[in-house]
Amino acid sequence: MEKLKRKSVVAVLAVLAVVVLVVVVALHQKGENAGGSQAGDKSGGRKELTHVVLNEVAHSIFYSPMYVAIENGYFAEEGIDIELVTGYGADKTMAAVLSGEAEVGFMGAEASLYTYVGDMEDYVVNFAQLTQRAGNFLVSREPIDNFTWDMLKGTEVLGGRAGGMPEMVFEYILSKNNIDKSELSIDQSIDFGSTAAAFSGGQGDFTLEFEPHATALEEKGDGYVVASLGEASGYVPYTSFSAKKSYIAENPEVIQAFTNALQKGMEYCNAHTSKEIAEIISPQFAETELTTIETIVERYKVQETWKNDLVFTEDAFVLLENILMDAGELEEMLPYEDLVTVEFAEKAVQ
């Protein structure tokens, strides 16, 4: 009987030992996971990732270096847990940044000038320029072998929102070709991202489209790319990353890490083939065939869409202001030193 009791006590103690071990392991795992996302550092330990919401103006292969930085884990390497949200328009992306819904906005830099002119105390500052050419294409309803811009006279073009970079660069090109915008009809009533569907439905003689919409129209036989606005306009500071002045001042290490990740993505795109880039970013465009992504990437590479670095130069800023003034969206030149900082982009390439 005594022997049986001893066996029972041993069994109970064994069960208790297992329970204690399970609780200890669970508490240890909970402690590891507390405080947000983590990633391994170079010393073999773990470090906490800083969550950053990035609101992009549109989701387009035009922005390949950014998606390479995401898919290759460059943001995580720099200690950032990136959350990508699409705003579908610079006005909406800017609203997200100003309201605090997003820490960083990716859009045309013209939006930052508008907030500055509006006398906002905590205005938005540009810290990295991604693209140096327009990323949209002129799509015709019929194929045109030798297109010239004066062919737009008397036609209807599905354009962009007044005051937005797509529309202003288009008007800039018209002006360069001595065409007054009154000589054609520009439909600006269609929401950003809906023009391709409207064109397929029979609206307009021409439409201005980003990728993959331009290529999709060609593949369906609904349209034909006849001109690149990026080639026609020349180098312009088309899109940049920005954040509120207060956020940059309070979180310089986050902005630097963010810029470092982008620079890695830029360098990858400039050093690899269109096929390699397409394979990396394909998860971002799951509904697009890999061969189509490669074709679009190559289209952007050959026209030198992406810079070698992220520095937003003063010359580029002045050109942007001139485009805005020609479009009637800006009355006077604004201070470059207030609206642009190159500190982070310059450090990222060192």
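Every value quoted in this text rests on a predicted model; they were computed, and no experiment measured them. Quick note: residue numbers are just sequence positions, from 1.
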Review point. With no hydrogens and no angle check, do the side chains of Glu142 and Ser140 hold a donor and an acceptor under 3.5 Å apart?
Key: no
Check your understanding: Crowded around Phe147 CZ? As in, over 12 foreign heavy atoms under 6.0 Å?
Key -> yes
Exercise for review: Would you check if the side chain of Asn177 reaches a backbone N or O of Ile179 as a donor-acceptor pair within less than 3.5 Å?
Suggested key: no
Check your understanding: Will you find, in the side chains of Tyr67 and Glu56, an N or O donor that is under 3.5 Å from an N or O acceptor?
Key -> yes
Practice item. Would you indicate whether the side-chain heavy atoms of Gln284 and Leu84 approach each other to under 4.5 Å? Key: yes
Check your understanding: With distance as the sole test, does Asn72 use its side chain to make a donor-acceptor pair with the main-chain N or O of Tyr74 at under 3.5 Å?
Key -> no
Point to revise | Distance-only side-chain donor-acceptor flag, Gln132 / Glu304, under 3.5 Å | key: no
Point to revise | Lys/Arg N to Asp/Glu carboxylate O, Glu78 vs Lys264, below 4.0 Å | key: yes
Check your understanding: Are Arg299 and Phe137 in a cation-pi contact, defined as NZ or CZ under 6.0 Å from the six-membered ring centre and within 45° of the axis?
Key -> yes
Review point. Is there a donor-acceptor pair under 3.5 Å between the side chain of Lys176 and the backbone N or O of Ala232?
Key: yes
Check your understanding: Is the closest side-chain donor-acceptor distance between Thr292 and Glu219 under 3.5 Å?
Key -> yes
Exercise for review: For the pair Phe210 and Phe62, name the ring-plane relationship: parallel under 30°, tilted 30 to 60°, perpendicular over 60°.
Suggested key: tilted
Review point. Is Arg133 close enough and on-axis enough to Tyr238, meaning under 6.0 Å and within 45°, for cation-pi?
Key: no
Practice item. Check whether the side chains of Ser240 and Asn126 place a donor and an acceptor atom closer than 3.5 Å, and report yes or no. Key: yes
Review point. Are Thr313 and Asp315 close enough that a side-chain donor and a side-chain acceptor fall under 3.5 Å?
Key: no
Check your understanding: Is the backbone N or O of Val225 less than 3.5 Å from a side-chain atom of Glu218, with the two atoms forming a donor-acceptor pair by type?
Key -> yes
Check your understanding: Can any side-chain N or O of Glu321 pair as donor or acceptor with the backbone N or O of Met325 at less than 3.5 Å?
Key -> no
Review point. Does His272 use its side chain to pair, donor to acceptor, with the backbone of Tyr268 at less than 3.5 Å?
Key: yes
Check your understanding: With distance as the sole criterion, is a donor-acceptor pair present between the side chains of Glu267 and Gln263 under 3.5 Å?
Key -> yes
Check your understanding: Are any of the side-chain nitrogens in Glu294 or Lys275 under 4.0 Å away from the carboxylate oxygens of its partner?
Key -> no
Practice item. Would you tell me whether Thr259 and Gln256 have side-chain atoms, one donor and one acceptor, within less than 3.5 Å of each other? Key: no
Review point. Hey, are Tyr172 and Asp326 close enough side-chain-wise for a donor-acceptor pair under 3.5 Å?
Key: no
Review point. Is it true that a side-chain atom of Lys307 and a backbone atom of Val311 form a donor plus acceptor pair closer than 3.5 Å?
Key: yes
Point to revise | ring-ring contact (aromatic ring centres under 6.0 Å, His included) assessment of Phe285 paired with His59 | key: CA-CA 9 Å; Phe285 303 93; His59 199 67; 4.8 Å; yes
Point to revise | Distance-only side-chain donor-acceptor flag, Glu298 / Ser274, under 3.5 Å | key: yes
Review point. Does a donor on one side chain sit under 3.5 Å from an acceptor on the other, for Gln129 and Thr239?
Key: no
Review point. Do Thr207 and Glu209 have a side chain donor and acceptor closer than 3.5 Å?
Key: yes
